[in-house]
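A short write-up of the structure that comes next.
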Amino acid sequence: MTPLLLLLGAFTAMEGVSYAAHRWVMHGPGMGWHRSHHAPPAARFEPNDRFPLCFSVVGFLLLLFASLGVEPLRWIGAGVTAYGAAYLFVHEVYIHRRLRVPLPRLRYLEWLRAAHRHHHAGGGEPYGMLLPLVRGGAGDREQSRDLLDRRVGTSP
Ligand SMILES: [Zn+2]
Ligand SMILES: [Zn+2]
């Protein structure tokens, strides 16, 4: 498999991993840390910030083993790390505005913001970040279309 396919495959697969981690870990046994993210901000950093630190260990280990000679892991680790960087930008910078930097308002990013706001409002779907599809019946598809169409404000 070519390096580019490994990288893109790992990046894409990470959306599923991210969904599962958010739904079944962070909203499961990890809720003790994640609850701080669903509450009004109380400090510059929140207990939920421990999750990306923990998850970054995976990318670090992949790249570490790649440096020891397991070459395909270099591209898988690059894809995992690139997804983490994209998640960081979308979630922390674009959606929650934790860095006050000027940002363009792009339709795709506004869709992600609206979908994530929906998660914060209800504490349920969508758990995904870069492809926050709402699964289920016609009502859920309607909701997903509504999230895409709705214009949203700047607060999360
Ligand atoms: Zn959030
Ligand atoms: Zn959540």
Side-chain angles (χ1 to χ4, degrees), residues 6-63 75-156:
L6 285 172
L7 191 150
L8 291 177
F11 186 97
T12 303
M14 280 302 294
E15 177 65 11
V17 172
S18 167
Y19 176 95
H22 189 187
R23 180 167 185 172
W24 290 297
V25 177
M26 297 163 82
H27 279 264
M31 196 59 183
W33 287 359
H34 192 54
R35 185 173 290 110
S36 65
H37 184 61
H38 283 268
R44 183 85 178 96
F45 294 100
E46 53 194 43
N48 186 63
D49 293 332
R50 297 170 188 153
F51 279 115
L53 287 177
C54 293
F55 297 151
S56 69
V57 171
V58 176
F60 172 80
L61 288 176
L62 287 167
L63 294 173
W75 302 105
I76 294 171
V80 168
T81 302
Y83 181 88
Y87 192 107
L88 182 78
F89 170 76
V90 168
H91 186 249
E92 309 301 335
V93 178
Y94 193 86
I95 294 177
H96 289 295
R97 304 283 188 191
R98 294 181 74 181
L99 282 181
R100 292 289 171 184
V101 293
L103 297 168
R105 291 174 66 97
L106 302 177
R107 184 172 168 81
Y108 168 66
L109 294 174
E110 290 299 310
W111 173 48
L112 299 185
R113 172 185 287 158
H116 193 64
R117 175 183 291 171
H118 194 79
H119 169 69
H120 273 267
E125 294 282 4
Y127 294 94
M129 181 54 61
L130 302 185
L131 190 61
L133 299 179
V134 178
R135 301 180 310 161
D140 288 339
R141 283 195 298 277
E142 193 69 28
Q143 176 195 37
S144 194
R145 193 176 316 115
D146 178 54
L147 289 171
L148 180 59
D149 291 342
R150 190 186 322 154
R151 300 302 301 171
V152 294
T154 55
S155 59

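Atoms within each ligand, like the ligands themselves, are counted from 1 in listed order. For the numbers below, each heavy atom of this structure counts, side chains included, while hydrogens, waters and symmetry mates do not. Start at 1 with the first residue, then count along the sequence. Since the structure is predicted, the reported quantities are computational estimates derived from the model, not experimental observations.
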Anything protein N, O or S sitting under 2.8 Å from the Zn ion (ligand 1): count it and give me the total.
-> 5

Do you know which two heavy atoms are closest between Leu112 and Ile95, and how far apart they sit?
-> O-CD1, 3.9 Å

side-chain hydrogen bond (donor to acceptor under 3.5 Å, both in side chains) evaluation trace for His119 with Glu125 | CA-CA 6 Å; His119 169 69; Glu125 294 282 4; over 6 Å; no

Could Arg97 and Tyr94 be counted as a cation-pi pair, given that NZ or CZ must be under 6.0 Å from the ring centre and within 45° of the axis?
-> yes

When you measure from the Zn ion (ligand 2) to each N, O or S atom of His27, which atom gives the shortest distance?
-> NE2

So CH2 of Trp33 and CD of Glu46: to nearest 0.5 Å the spacing works out to 13.0 Å

Indicate the ring-plane relationship of His116 and His22, choosing parallel, tilted or perpendicular according to the 30° and 60° boundaries.
-> tilted

Under 30°, 30 to 60°, or over 60°: which ring-plane class applies to His38 and His34, parallel, tilted or perpendicular?
-> perpendicular

